[in-house]
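Lettering of chains follows the sequences in order, A, B, ..., and the numbering in each one begins at 1. This is a predicted model, so every value here is computed, not measured.
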2 protein chains.
Amino acid sequence: MARRSDHSRDEIRQMALDAAEKIIIQHGYKGLSARKIATDMGYTVGTLYLIFKNLDELILHLNMHTLDALYEQMGITVERNPAPEKCVQALCRAYYDFACSNTHRWSLMFEHNLSEDMGIPEWFSAKVAYGFTLLERVLQPLVKEKKPAEVCIAARALWGGVHGITMLAVTDKLDVSGVNSVTEILDSLVENYMQGFVSGAG
Amino acid sequence: MARRSDHSRDEIRQMALDAAEKIIIQHGYKGLSARKIATDMGYTVGTLYLIFKNLDELILHLNMHTLDALYEQMGITVERNPAPEKCVQALCRAYYDFACSNTHRWSLMFEHNLSEDMGIPEWFSAKVAYGFTLLERVLQPLVKEKKPAEVCIAARALWGGVHGITMLAVTDKLDVSGVNSVTEILDSLVENYMQGFVSGAG
DNA sequence: ACCTGAACACCGTTCAAGT
DNA sequence: ACCTGAACACCGTTCAAGT
């Protein structure tokens, strides 16, 4: 049993996040509980509430960490694909791949609908917005004549689309009973959208 | 307090589903519990487990009812839009509108990730598949030269896309901080995808 | 000051016991 | 046969009390 002053506040905080992440990866959202996190850390439940306002706040931080991991993958994908046309498709596939390889962590970002009273904090929204920015930077060179506002819409349309297909695929609701693989569907969305977008009237 | 034989098994079943739906509409997934459903019906918790295997099964039936309501709206949309081009867009908007007007019921279909041991039952998958069929029937006349397999992929790409944008919008993760309305983003997806799809090589 | 552990108000699910 | 209600094993969250 951990004694007082064994760990600093920051250490406890990190231990909690690490324990929670471990549980999520292994057992998913439903397997997570404050008591399990505490046990895993070697502390009591009460201690968690000295560090975090509630479980929602802890999960929010977990999700931010997941977003960082996702963005890192996306960053690598951008570097590896200097040609913008290929890069858009690669980014979309990277998103799907990330969701498949990190299902529980990725799912947590969407399963966790924070309680109505506590809206999404600004710093989290900012992190989400950064993802769109990443895509916008790849899209803009492809349609130099278009205004940033149009690219902004395109990034959201495309990203939302990829997200939806990924979500349905991961939760087994895409009805891919035939020969179609999810990748085929993803590529169809990206290719056809991009064709329409690039050739479309400004 | 309800006494034995006051209601038939089917009546109790319907009372449970009605009570649950009422709670969901008012308070969402987090506000739902077996005890609340039972209280609302005027029965004891135990009674619920004479009718349903568990809460997951009850929710599955609720979701089927929601799907029916959604398909009814989609059916009306198809009837009102005989021109296929317009119809695709109208259907996608109808999906978004349904999600906005029935947020809690619609959310339940995706918040509720049934426990791993109990996979999605066949009769539910069949209902989901029907939604894709509806869209396929509208898409096919637009690309008469294309094979059904391609239309099948297109339906999933488009529908998944619309679903993703809707989901992100409803849960406030689309970052529509600028002037862009969600409808603009939806239309961008549909228009550009369809342009690419219709003009694309078979 | 730091942490505990018991308490409160909830859960889903089961099942012996009542009518 | 139908339904109850108490029990079991869990929750998130709080806070007086200990060291």
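Counting heavy atoms of neighbouring residues, nucleotides and ligands inside a 6.0 Å radius, atom NE2 of H65(B) does not exceed 12 of them.
Pair check for dG5(C) finds dC15(D); Watson-Crick or G-U wobble, both atom distances under 3.5 Å.
The distance from atom CD1 of I51(B) to atom P of dT4(D) is 11 Å, rounded to the nearest whole Å. Separating the CG atom of L32(A) from the C1' atom of dG12(D) is a distance of 12 Å, rounded to the nearest angstrom. Distance Y49(B) OH to dA7(D) P: 19 Å, rounded to the nearest Å. The CG-P distance, from L48(A) to dC3(C), rounds to 12 Å in whole Å. Residue L55(A) contributes atom CG, which lies 15 Å from atom C1' of dC10(C) at whole-angstrom precision. The nearest whole Å value for the distance from the CD atom in E57(B) to the P atom in dG12(C) is 15 Å. Whole-Å rounding puts the K53(B) NZ to dT13(C) C1' distance at 12 Å. Between the CG atom of L50(B) and the C1' atom of dT4(D) there is a distance of 10 Å, given to the nearest Å.
Remark: T44(A) is not in phosphate contact with dC3(C), judged by side-chain N or O atoms under 4.0 Å from OP1 or OP2. In this model, the phosphate group of dC11(C) is approached by a side-chain N or O of K36(B) to a distance below 4.0 Å at OP1 or OP2. Proximity of Y43(A) to the phosphate of dC3(C): a side-chain N or O atom is located under 4.0 Å from OP1 or OP2.
Residue contacts shown for I12(A) are limited to sugar-phosphate atoms, with no base heavy atom under 4.0 Å away. Among the heavy atoms of the strands lying under 4.0 Å from T47(B) is at least one base atom, whether or not backbone atoms are also near.
You'll find that the side chain of R35(A) is closest to dC11(D), out of dT4(D), dC11(D), dG5(C).
For R105(A) (side chain) and I25(A) (main-chain N/O), no donor-acceptor pair under 3.5 Å exists by modelled atom type.
Here the CG atom belonging to D18(B) is positioned 11.0 Å from the CD1 atom belonging to I37(B), to the nearest 0.5 angstrom.
Classified by interplanar angle (parallel below 30°, tilted 30° to 60°, perpendicular above 60°), the ring pair F110(A)/H163(A) is tilted.
Taking the P atoms as reference points, dA9(C) lies 22 Å from dA9(D), given to the whole Å.
Residue H7(A) is tested with M15(A), R13(A), Q14(A) for a side-chain contact (heavy atoms from CB on, under 4.5 Å); the sole match is M15(A).
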